[in-house]
Student: 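Structure incoming, see below.
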Amino acid sequence: MTETRSTCPYCGVGCGVIIESDGPQIIGVRGDPHHPANFGRLCTKGSTLHLTASSPVTLQTRLLQPQQRLQRTDTPQPLSWDAALGLAAGQFADIIQQHGPDAVGFYVSGQLLTEDYYVFNKLAKGLIGTNNIDTNSRLCMSSAVAGYKQTLGADAPPACYDDVKHAQCLFIVGSNAAWAHPILFRRIEDARAANPGMKVIVADPRRTDTAGMADLFLPLQPGSDVMLFNGMLHLMLREGWTDAKYIAAHTNGFAELQALVREATPERVAEVCGISVADLTTAAKWFATSASTLSLYCQGLNQSSSGTAKNATLINLHLATAQIGKPGAGPFSLTGQPNAMGGREVGGLANLLSAHRDLANPQHRAEVAALWGVADVPATPGKTAVEMFQAAADGEIKALWIACTNPAQSMPDQATVRRALQRAEFVVVQEAFATAATCAYADLLLPATTWGEKTGTVTNSERRISRVRSAVPAPGEARHDWAIAVQFAQQLEARLRPGAATLFPYTTDHADAGAERVWQEHRESTRGRDLDITGLSWSLLESQGPQQWPLPEGTTTGKARLYEDGIYPTADGRARFAAHAWKPVAEPRESRYPFSLTTGRLRDQWHGMTRTGTLGRLFGHVAEPSVQLNPQDMEQRALKNGDLVYVTSKRGTIVVPVQGDTTVGVSQAFMAMHWGSEFLSGCSSTGERLAGVNALTTSAYCPTSKQPELKHAAVKILKAELPWTLLAMAWLPADTAQATREALSALMAQFPFASCVPFSNNTPLNEPGRERVGVLLRAAAHEAPPDATIEHIESLMGLAANDTQRYADKKRGQRRAARLVRRPDAMTLEGIVLAGDTSAEGWLKTLLQEELPAQSYGRLLLVPGAKAPVAVQSRGKTVCTCFNVTDAAITTELARCHGTDADRLAQLQGALRCGTNCGSCLPELKRMVRATGPLAPKPLAQATI
């Protein structure tokens with residue numbers, strides 16, 4: 001066995017991992033105890049990385065050789081790398097020569113390594129001469145970038161993770177860190193335990209698990225953050241809680257802001273935000289008067305048509321109170337992707353250049369042109385993400401190159417995005433996973449390496465650069481992303497500038513050497529800049545471990561926190577206050593669309609689930625797609641849990657089950673961002689395939705950051721009358737499970753509603769080898785489909801065998817099939833199909849998924865009805881994924897526990913081990929402890945409307 005140090009490919013915390021491999025197989029993973037981002041801890045996603053790397057199911061999803069479609073509807077056919085790169089270079093050269101360089105666009109990813117990003121940026125802006133290169137970080141972090149630049153002068157988060165333990169007040173806004181950044185949340189829990197006097201304020205439309213630890217919870221109305229921050233500053237000024245000396249010595253623009261916030265009276269703020277004046281006052285006082293206040297924020301601020309204003313007005317509070325440039329204080333934007341920071345560093349956005357240079361600055365363009373050895377860098381701003389796909393839909397952009405991202409799932413307004421992909425003359429998708437929805441639109445598919453195979457660097461939220469190392473060789477013909485871009489660029493430059501010296505003198509034969517050479521060029525671009533890393537080298541990263549920037553030549557360590565001297569990277573060295581008035585969301589709810597839909601992450605899933613979606617155990621916590629509503633709204637509409645509803649915005653409709661959730665506010669709805677057409681689909685009345693949650697979201701964006709408002713769309717929600725229903729689920733051989741899922745997915749468009757997800761028997765993580773692979777298909781329609789459709793589903797689920805028990809009632813449109821298999825210890829249910837009447841789902845699903853003995857049931861398995869003929873006791877919903885501990889087991893055990901909440905939690909963990917491995921379930925465990933304790937929980941300050 002070989003051990004290799006690398007990083008986790010999920011959120012921007014940048015956790016260090018140790019990969020255990022045996023030849024070409026990754027067989028284990030654990031947290032790196034020496035990495036300063038996580039000190040050995042990993043979340044549920046990180047701790048299962050090895051299961052999503054080399055499992056039989058995941059291997060079936062990999063793109064392993066270049067493939068071409070002669071027609072978009074064709075099955076892609078393999079071709080050689082030389083032919084693929086020649087085809088791509090020829091197509092791009094023809095389009096550039098006929099229509100100009102701005103007729104092509106590159107859409108890349110915050111999951112690329114810094115070296116990948118650098119080459120793509122140089123390819124577009126240096127070789128081709130277009131600024132049409134943007135990234136899915138535009139959907140994630142561009143408002144944070146704009147907010148930092150507008151106020152502090154540079155895109156440089158001033159705080160670090162260590163500040164969590166020094167803070168006396170934590171202000172968490174627009175972030176469910178408990179789920180989105182669970183390892184950082186462990187630090188918050190540790191800091192709170194060590195300092196019980198720490199005040200925690202959480203502002204969020206939903207009462208998330210993060211809000212569960214708050215001393216003060218502010219359940220804001222969606223989009224009201226700017227009003228909240230301006231209102232807090234109004235009170236700080238009125239009460240004398242600002243720091244006049246700091247403002248005078250280190251800032252500009254305060255007079256204009258002071259005049260603006262006079263209008264943000266407490267009464268007005270309370271009305272707009274939906275909170276009480278008393279809670280607003282408490283928040284302002286704690287923030288301003290604490291010895292050190294640290295703000296943590298994420299997509300709730302960024303993904304907004306006022307995203308820059310939200311970021312800047314929060315930073316205003318830090319500048320006005322001098323809560324910056326000292327331990328435990330500062331505005332700390334949490335990145336959502338593992339290398340969104342690295343992409344920002346190399347200028348991998350349509351409006352940026354290398355090393356935090358601005359495209360609009362002629363001197364900056366000249367500096368980059370000189371570094372690259374080109375005459376100039378184009379001055380015309382490039383198309384940002386939303387603009388790029390709109391331009392392709394309009395026919396302005398003819399060719400798209402998409403790398404390591406899945407816009408056919410993640411972009412808002414999917415109707416426009418898919419129209420763009422269909423209309424573009426040539427689409428290249430460079431991807432590790434063939435199952436990404438965008439692959440269906442590709443003319444050319446190029447296989448790329450992924451986690452465990454790549455080599456290079458990434459930068460996390462606290463400006464810390466880590467080495468990424470390959471533990472196993474690339475599978476099949478997959479190549480590194482930077483190498484693909486280099487090889488394409490070398491072929492393209494031979495057509496665009498024949499005879500000229502190459503702009504891409506990097507060897508692709510030796511991955512480490514080539515990637516390091518790219519990184520060294522990036523390093524040189526930072527000389528003299530705010531993120532100067534000229535004192536850093538790969539050898540230093542090898543010997544000293546991850547390092548923070550800036551780390552200029554002549555120094556040996558980076559800076560933990562910035563602006564301690566009060567000097568900012570602006571022309572006069574002063575920070576700038578930004579005067580932004582509150583504006584409502586781009587699409588306010590109204591009578592026809594009375595709900596505010598917001599989207600967000602699940603605890604155990606990641607983005608479009610091309611990786612996590614292969615692992616059934618990660619569906620234990622949230623098994624299937626749904627939209628959550630407040631129970632009061634459900635009661636008013638006569639909706640029950642599990643009812644199908646139409647969710648409709650001005651852009652599209654989806655059909656999805658509804659679930660009651662008291663954490664969601666009245667007149668609000670929540671749906672996880674992960675549910676794309678790969679898992680949730682169906683067919684509209686016009687025959688168009690439905691496209692998941694982002695069929696609903698709006699492409700309206702912040703005018704400064706161009707980041708779309710994925711956090712809010714006005715929708716209507718109506719009950720869907722689809723009386724014919726189907727449930728099919730079965731255990732499948734691991735080596736064919738993915739093929740079965742893909743075949744079932746192809747059938748989803750035959751129904752108005754369909755979802756297809758994996759499941760498992762949820763064995764404890766420390767018991768490898770026992771985990772089984774299952775697939776669940778759910779569908780609904782106005783009437784029964786042809787018998788042949790159900791027979792095909794039965795066949796795919798392994799229920800075509802002679803030993804399958806069957807029942808059919810053609811008059812009622814009902815069919816049922818069940819298959820028992822003898823295991824060493826019992827006869828168990830292997831698969832079921834319930835068509836037309838799924839009322840028996842509850843007990844049959846439990847019987848199958850929990851592998852309970854089923855021999856005594858016989859043909860009773862085919863009896864309809866919600867009541868089991870023999871009592872079946874479900875184990876409940878998974879809370880702890882690592883040790884497969886359910887809510888029912890936790891509730892039973894808590895009844896035996898006694899003492900304080902801390903005592904009862906310790907007793908619970910001692911008995912069941914839940915929360916003792918990765919800790920991702922700890923916030924939920926603590927919530928359950930509080931809810932079942934003998935004493936009433938400590939009252940939580942909350943807004944009253």
Side-chain angles (χ1 to χ4, degrees), residues 616-617 619-624 626 640-643 657 659-660 725-731 757 759-764 767 770-772 774-778 797-799 803-809 812 814-881 883-897 908 911-912 914 928 931-932:
R617 70 161 49 245
F619 288 76
H621 191 241
V622 176
E624 300 180 57
S626 66
K640 305 185 301 295
N641 282 339
D643 282 351
Q659 295 290 336
T725 56
L726 174 138
L727 174 77
M729 62 184 301
W731 297 115
V757 296
F759 66 90
S760 80
N761 52 348
N762 294 328
T763 58
E767 298 180 19
R770 289 184 48 218
E771 187 157 357
R772 302 188 69 190
V775 174
L776 183 152
L777 173 71
R778 194 181 295 278
M797 290 295 199
L799 299 182
D803 57 352
T804 299
Q805 302 181 45
R806 303 182 186 281
Y807 167 84
D809 185 335
R812 296 182 177 180
Q814 296 181 7
R815 295 170 62 105
R816 289 186 281 282
R819 182 167 178 252
L820 293 170
V821 171
R822 183 171 295 283
R823 298 288 171 194
D825 51 351
M827 184 80 79
T828 60
L829 185 59
E830 191 76 358
I832 53 171
V833 172
L834 307 178
D837 178 1
T838 56
S839 58
E841 170 194 337
W843 63 274
L844 284 173
K845 188 169 180 283
T846 298
L847 199 66
L848 186 150
Q849 189 167 2
E850 298 182 12
E851 301 179 287
L852 300 176
Q855 184 170 1
S856 62
Y857 288 86
R859 293 199 51 88
L860 294 176
L861 293 169
L862 305 178
V863 174
K867 186 175 181 179
V870 179
V872 175
Q873 183 65 45
S874 171
R875 293 183 62 252
K877 183 182 81 72
T878 300
V879 173
C880 176
T881 301
F883 295 113
N884 189 24
V885 184
T886 66
D887 55 354
I890 292 167
T891 300
T892 299
E893 187 61 34
L894 281 173
R896 305 187 186 104
C897 299
L908 173 69
L912 302 181
C914 48
M928 296 180 74
T932 59

Student: Who passes ring pair (Phe, Tyr, Trp, His ring centres under 6.0 Å) against F759, sequence neighbours left out?
Tutor: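 Testing F759 for ring pair (Phe, Tyr, Trp, His ring centres under 6.0 Å), a comparison that skips the adjacent residues, returns W731.
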Student: Without swapping roles, check the side chain of S874 against the backbone of G876 for a donor-acceptor pair under 3.5 Å.
Tutor: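 A pair under 3.5 Å: yes.
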Student: Using 0.5 Å steps for rounding, measure from the OG1 atom of T932 to the CG atom of L894.
Tutor: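 T932 OG1 to L894 CG: 4.0 Å, rounded to 0.5 Å.
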Student: Any heavy-atom pair between the side chains of N884 and T763 that's under 4.5 Å?
Tutor: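 With C-beta onward as the side chain, the pair stays apart.
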Student: Main chain of D837, side chain of R812: is a donor-acceptor contact present, judged purely on distance under 3.5 Å?
Tutor: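 No, the answer is negative, given that no donor and acceptor are paired below the 3.5 Å cut-off.
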Student: Distance from N762 atom CG to Q849 atom CD, nearest 0.5 Å?
Tutor: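 It comes to 6.0 Å.
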Student: Sub-3.5 Å donor-acceptor pair from the side chain of T886 to the main-chain atoms of R875, do we have one?
Tutor: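 Such a contact is found between T886 side chain and R875 backbone.
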Student: Atom CG in L829, atom CE in M729: separation rounded to 0.5 Å?
Tutor: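 L829 CG to M729 CE: 8.5 Å, rounded to 0.5 Å.
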Student: Looking only at atom types and distance, does a side-chain atom of W843 sit under 3.5 Å from a main-chain N or O of P869, one as donor and one as acceptor?
Tutor: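 No, W843 side chain to P869 backbone: no donor-acceptor pair under 3.5 Å.
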Student: How close do A730 and L848 get, heavy atom to heavy atom, and via which atoms?
Tutor: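 For A730 versus L848, the nearest heavy atoms are CA-CD1, 4.4 Å.
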Student: Can you give me the closest heavy-atom contact between P657 and G642, atom names plus distance?
Tutor: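 It is CB-O, 4.1 Å.
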Student: For the residue pair I832 and A818, what are the closest heavy atoms and their distance?
Tutor: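 Where I832 meets A818 most closely, the heavy atoms are CG2-CB, 4.1 Å.
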Student: Between atom CZ of R819 and atom CG of L799, what is the distance when rounded to the nearest 0.5 Å?
Tutor: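 The CG atom of L799 is 7.5 Å from CZ of R819, to the nearest 0.5 Å.
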Student: Give a yes or no on whether the backbone of T828 and the side-chain of R822 come within a donor-acceptor separation of less than 3.5 Å.
Tutor: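 Checking the backbone N and O of T828 against the side chain of R822, no donor-acceptor pair under 3.5 Å is found.
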Student: Please answer whether the main-chain N or O of T881 pairs with a side-chain N or O of R617 as donor and acceptor at a distance below 3.5 Å.
Tutor: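 Judged by distance alone, yes, a pair lies under 3.5 Å.
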Student: When L834 is tested against each of L844, L726, L862 for side-chain contact (heavy atoms from CB on, under 4.5 Å), which residue passes?
Tutor: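 Result: among L844, L726, L862, L844 is the only option passing the side-chain contact (heavy atoms from CB on, under 4.5 Å) with L834.
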Student: Do L861 and L847 have side chains that get closer than 4.5 Å, going by heavy atoms?
Tutor: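 The answer is yes, as the side chains (C-beta and beyond) meet within the 4.5 Å cut-off.
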Student: Report the C-alpha separation of E771 and N761 in whole Å, then their side-chain angles, then the decisive distance to 0.1 Å, and conclude whether the side chain to side chain contact (heavy atoms under 4.5 Å, CB included) test is met.
Tutor: CA-CA 6 Å; E771 187 157 357; N761 52 348; 3.8 Å; yes
Student: Which atom names give the shortest non-hydrogen contact between T846 and G842, and what distance separates them?
Tutor: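 Nearest heavy atoms, T846 then G842: OG1-O, 3.0 Å.
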Student: From R823 CZ over to Q855 CD, what is the distance, rounded to the nearest 0.5 angstrom?
Tutor: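 CD of Q855 is found 14.0 Å from CZ of R823.
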Student: Rounded to the nearest 0.5 Å, what separates atom CG in L908 from atom CZ in R896?
Tutor: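 Taking CG in L908 and CZ in R896, the distance rounds to 10.5 Å.
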Student: Within the structure provided, determine whether M928 and D887 are in side-chain contact (heavy-atom separation under 4.5 Å).
Tutor: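 Answer yes - side chains close enough.
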Student: Which pair of heavy atoms, one from G865 and one from S839, lies closest together, and at what distance?
Tutor: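 Closest heavy-atom pair between G865 and S839: N-OG, 3.0 Å.
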Student: For atom NZ of K877, decide whether the heavy atoms of other residues, nucleotides or ligands shown that lie under 6.0 angstrom number more than 12.
Tutor: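 For K877, atom NZ is crowded (more than 12 foreign heavy atoms under 6.0 Å).
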Student: Is there a side-chain contact between Y857 and L820 (heavy atoms, below 4.5 Å)?
Tutor: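 In short, these two side chains do not touch, never coming nearer than 4.5 Å.
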Student: Tell me the closest heavy-atom pair linking P764 and R770, and the distance in Å.
Tutor: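 Smallest interatomic distance, heavy atoms only, reads CD-NH1, 4.3 Å.
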Student: Give me each pair satisfying salt bridge (charged side-chain N to carboxylate O under 4.0 Å, His left out) with a member in residues 843-854, each pair once, sequence neighbours excluded.
Tutor: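 Qualifying pairs, neighbours excluded: R772-E851.
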Student: Starting from the C-alpha separation in whole Å, work towards a yes-or-no answer on side chain to side chain contact (heavy atoms under 4.5 Å, CB included) for L776 and V757.
Tutor: CA-CA 5 Å; L776 183 152; V757 296; 4.2 Å; yes
